Amino acid sequence: MQGWTGVFLNIDLTKSKAVPEQYDESLALNFLGGRGFAAKILWDRLKEGTEPLSPDNKLIFAAGPLTGIGLPNSGKLVVASKSPLTGGYGDGNIGTLAAVHMRKAGYDALIIEGKAQTPVIIHIKDKTTDFLDAKEYWGTSAFETEQQLRKKYSRTAGIVSIGQAGENLVKFATVVSQEGRAGGRPGMGAVMGSKNLKAIVIEGTLPIPLANPDDMKKLAADGYKEVLAKPLYAFWKRQGTMSTVEWSQENSVLPTFNYRQGVFNKAEGIGGFTMEKMKVSNRGCPQCNMTCGNVVKDSEGKDSELDYENVVMLGSNIGLGNLAQVATLNRLADEFGFDSISLGNVLGFAMEASEKRLIPEKIVWGDFEGIKTLINDIAYRRGLGAVLAEGVRAASATIGKGSGDWAMHVKGLEVTAYDCHTAPAMALAYGTSSIGAHHKDAWVITWEIKAGRESYDAGKVDYLIQSQLIRGGLFEALGVCRFPYNSLGFGLDWYQKYLKAATGVEFSLERLNEVSDRILNLVRAFWIREYGAKWSRDLDVPPMRWFKEPLTEGPLKGSTLDLEKYNTMLSAYYEKRGWDERGIPKKSTLAKLGLLDEAKQLDAYVKLGE
Ligand code: PTT
Ligand code: SF4
């Protein structure tokens, strides 16, 4: 095998044991890597019904065949597990030197199970794995942990860690790296904490086997040049994703006061141009020349790395219009190791519950000091913080009183930073995403607004599916960042050429589409298996707020989604995917993708349509 190292490292924390495993080439050819590996490993090796925070759950760090090779934006790693937040398939995509080092240590994935008796750090140096005492780090932030570990190891070692949120099993805790990159929204940090695993340090020095190293060297250099030459490059370097704040405001899709208004009267204060005036530097993932992390000084004079999602969820969605203060909340999210999107979402929910007097606590929109206190309470699970630490779905079940309609989640994962009162295809993207309400599989909203936001027609479904196959399938499996492709127009043909040079295998676009479809169907099958009798198509419907409560402000005030039309669109989506009316893949669909064994297994849980 070339391109892939062909080896997984199985790590059992209960036994402090690490065993390499040569995996079969067919796995690489059929599932590519990243999310593809994670889905297949969880399907094959995780016992159905496993409690996500039990030692039996598996935490997977999976690379793709292009990870770490030194081509544009290739320092990415999928971190996956059965999610404690949603109970289904969960993953995230983190930019980290650990991605590069893991591949250089000779591994395509780490599969971690068991639970250490006391806190540990896994240290991997090429073929050697050690388990080190982490007691002195337990209780410290992800930043502090990484700073200390860098002193002990090297400035350029690959390090991922958790903060206090992961240690205290906050259900939306993430894994953090390089003081500003975080991945695994559906609670991958909590799974790491449940295993008493504080950090992983990887130092790899071995070559990654390539089918054609000379071709790859040239293609990689050409790729970087092509990225630099893209017309949108200069503005991207200035703002990264931050210009989306102004765009969302102009188009009434900016989450504001828990997704009620679509516009925010202080949007300018948290927008891309305000950020530019505060910016001190760019930061980013390894092997990237687009470095999209905008570093600003926060209200306490500390560095904070801003993206659109973080700023909006910890800004307009909670009524805060001061970017330096938003940056402080964002830094706290990274230090504690919360997912910033879910954090902003549960805070907005708590503020609305307080405003409606459904809870005794007084949590006021935009009250910076009060919000900081509540964030600390969530990290340490104190009082209301303990309720919110379970995520918005569970919090609304605790609070009740109709709050389920405005608990903004899909399948338990909090909605990201787009208000969909007036965007049916984006609502469907959230409804059918692989991990719950995330835009990563399909960010169709800018296209939809150009194409006509009021329509629910089948063309939108086709566009959505294609987007899911490319973003949620291909990019999550290749092990590279998708931003060159979707933000600068770096063509898919580059990745075909990279795959050829790395693996020696010719992948046509049709073949890649089929791999993606296979991965996304297996992820779907995993959800159905884990939910069993609790599965229903209602799980693919976004929050009722967007259907029942019109937008309250802005030019589109009064708009809602139409539930009947949404359901028609959802049925069309199912049909095009080869799924039945319940949203369950048909036997023939799985068989066509080479998943007949999986179909037979799934059939034992729910009767599959033919
Ligand atoms: C991603 C999600 C996003 S989506 C953002 S901002 W975005 C939030 N970032 C967080 C953060 O920062 N700190 C924190 N404590 N929590 C955060 N939660 C949120 O996590 C991120 C970039 C971004 S920035 C995006 S869109 C792209 N996502 C990619 C993806 O999903 N796949 C892929 N192949 N390439 C991608 N490239 C881009 O990567 P999750 P990162 Mg991320 C600080 O983690 O779980 O996938 O959720 O990992 O290294 O920070 O890169 O406007
Ligand atoms: Fe990381 Fe941004 Fe570069 Fe993508 S564009 S690799 S998210 S720094």
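The shown structure was predicted, so the numbers you read here are calculated from the model rather than taken from an experiment. As the structure lists them, so they are numbered: ligands from 1, and atoms in each ligand from 1.
- Nearest residue to atom 8 (C) of ligand 1 from N310, T174, T416 is N310 (criterion: closest heavy atom).
- Using a 4.0 Å cut-off between heavy atoms, C481 contacts ligand 2 through its side chain alone, with no backbone atom that close.
- Only the side chain of D307 comes within 4.0 Å of ligand 1, counting heavy atoms alone; its backbone N, CA, C and O stay farther away.
- Contact annotation: for F483 versus ligand 1, heavy atoms closer than 4.0 Å belong to the side chain alone.
- Remark: ligand 1 and V480 share an N or O pair separated by less than 3.5 Å (distance only, no angle test).
- Interface atoms of ligand 2 facing N73, defined by a heavy-atom separation under 4.0 Å, are 3 (Fe), 4 (Fe), 5 (S), 6 (S).
- Nearest to atom 14 (C) of ligand 1 among the protein's heavy atoms is D334 OD1, 3.0 Å.
- Looking at C292 against ligand 2, both its backbone and its side chain come within 4.0 Å, counting heavy atoms.
- Neither the backbone nor the side chain of M188 has any atom closer than 4.0 Å to an atom of ligand 1 (non-hydrogen atoms only).
- Proximity of R471 to ligand 1, defined as any heavy-atom pair under 4.0 Å, is not found for any part of the residue.
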- Does the pair E179 and R331 meet the rule for a salt bridge (charged side-chain N to carboxylate O under 4.0 Å, His left out), with working shown? CA-CA 9 Å; E179 299 182 35; R331 178 178 49 77; over 6 Å; no
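- At a heavy-atom distance under 4.0 Å, only side-chain atoms of K440, from C-beta outward, approach ligand 1.
- Summary of contacts: the protein heavy atom closest to atom 1 (C) of ligand 1 is H438 NE2, 3.5 Å.
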